[in-house]
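If you read the sequence from its start, that first residue is 1, and numbering goes on from there. The analysis underlying the following values was restricted to heavy atoms, covering all of them including side chains, and did not include hydrogens, waters or symmetry mates.
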Amino acid sequence: MMLRTLRLLVPASMIVVLVGLLANPAQAAVWSSSAQWATWTNNGYTLYNNIWGGGAGPQTIWANSSSNWGVWANHPNTGGVKSYPNATRNVNRKISALGTVSSSFNVTVPNGGAYTTAYDIWCDGHTYEIMLWMNKYGPVGPIGSRQTSASVGGHTWDIYRGSNGSNQVFSFVRQGNATSGTVNIKAVLTWLRTSNWFGDVTLGDVQFGYEITSSSGGMDFRTNSFSVSAS
């Protein structure tokens with residue numbers, strides 16, 4: 001009877017172990033870091049953990065490639081941007097010398113916290129900052145005041161203009177959230193130029209990521225795909 005009981009218990013324990021393994025199929029990313037200023041370069045892009053704001057909590061960035069990466073962040077429910085983890089591609093060409101500049105993205109973001117999924121585009125060094133807010137959640141808002149609305153670059157935006165004290169900021173806040181799509185960045189730059197908000201500036205870095213204000217308890221932000229093309 002004892003022997004029979006043992007024979008029944010052994011395979012049962014093996015099943016428990018097997019179920020545990022199948023329930024946690026997570027595979028380690030190619031690269032990850034919890035360092036404040038961690039960077040990783042892949043395929044012409046650089047990824048940044050970029051925990052720059054005051055009062056930030058822990059944040060870990062991971063990546064399998066420049067187009068498949070994400071962060072886990074646990075920032076407290078307080079005001080002020082805590083971080084902007086992002087993937088960056090440098091273009092370094094004047095608007096007049098660009099035929100096309102476009103970008104595609106696909107993300108999975110939480111239904112909680114306070115954040116925006118945004119492009120941060122820099123021209124003439126850090127003289128001009130152009131933000132394209134593709135989706136937002138919670139109490140977040142752009143710098144400056146609303147100027148107008150326009151359909152440009154494949155999306156309809158509310159457009160804001162202001163300054164952060166160091167540079168001019170133009171924020172294009174999409175009317176309605178999108179977690180995937182394509183943006184014609186050259187068309188946005190051309191709109192700004194023809195509106196006389198700047199001249200024939202040099203497009204520098206095109207960044208895409210998550211401007212996180214709060215993610216209390218720990219939240220996942222995942223970039224399923226991302227690319228920038230320029231010609």
ask   = Does the side chain of Phe221 reach to within under 4.5 Å of the side chain of Pro110, using non-hydrogen atoms?
value = yes
ask   = For Thr108 and Asn224, does a side-chain donor sit closer than 3.5 Å to a side-chain acceptor?
value = yes
inquiry  = side chain to side chain donor-acceptor pair (under 3.5 Å) for Ser229 and Ser102? Distances and angles first, verdict last.
reply    = CA-CA 5 Å; Ser229 61; Ser102 65; 3.0 Å; yes
note = Between His75 and Pro58 the two heavy atoms that sit nearest each other are CE1-O, 4.2 Å
message = To check you understand the geometry: which heavy-atom pair defines the closest contact between Trp40 and Ala63, and what is its length?
response = CZ3-CB, 3.6 Å
task = Would you please say whether a donor-acceptor pair under 3.5 Å links the side chains of Ser227 and Ser67?
result = no
ask   = Checking side chain to side chain contact (heavy atoms under 4.5 Å, CB included) for the pair Phe198/Ile130: CA distance, chi angles, key distance, verdict?
value = CA-CA 11 Å; Phe198 56 41; Ile130 305 147; 3.8 Å; yes
ask   = With a 3.5 Å cut-off and no angle check, do the side chains of Thr60 and Ser34 form a donor-acceptor pair?
value = yes
Side-chain heavy atoms of Leu203 within contact of Arg93, under 4.5 Å = no
Residue pair Trp133 / Glu211, side-chain donor-acceptor N/O under 3.5 Å = no
request  = Let me see the working for Ser83 and Tyr210 under side chain to side chain donor-acceptor pair (under 3.5 Å), right down to the final yes or no.
outcome  = CA-CA 8 Å; Ser83 68; Tyr210 310 97; over 6 Å; no
request  = Apply side chain to side chain contact (heavy atoms under 4.5 Å, CB included) to Trp37 and Asn50, showing your working.
outcome  = CA-CA 5 Å; Trp37 307 114; Asn50 196 24; 3.4 Å; yes
Pair Asn135, Thr117: side-chain N/O donor-acceptor within cut-off below 3.5 Å = yes
request  = Name the orientation class of the two ring planes belonging to Trp191 and Phe172 (parallel below 30°, tilted from 30 to 60°, perpendicular beyond 60°).
outcome  = perpendicular
query = If we only count heavy atoms from C-beta on, is the Trp31 to Asn42 side-chain gap below 4.5 Å?
reply = no
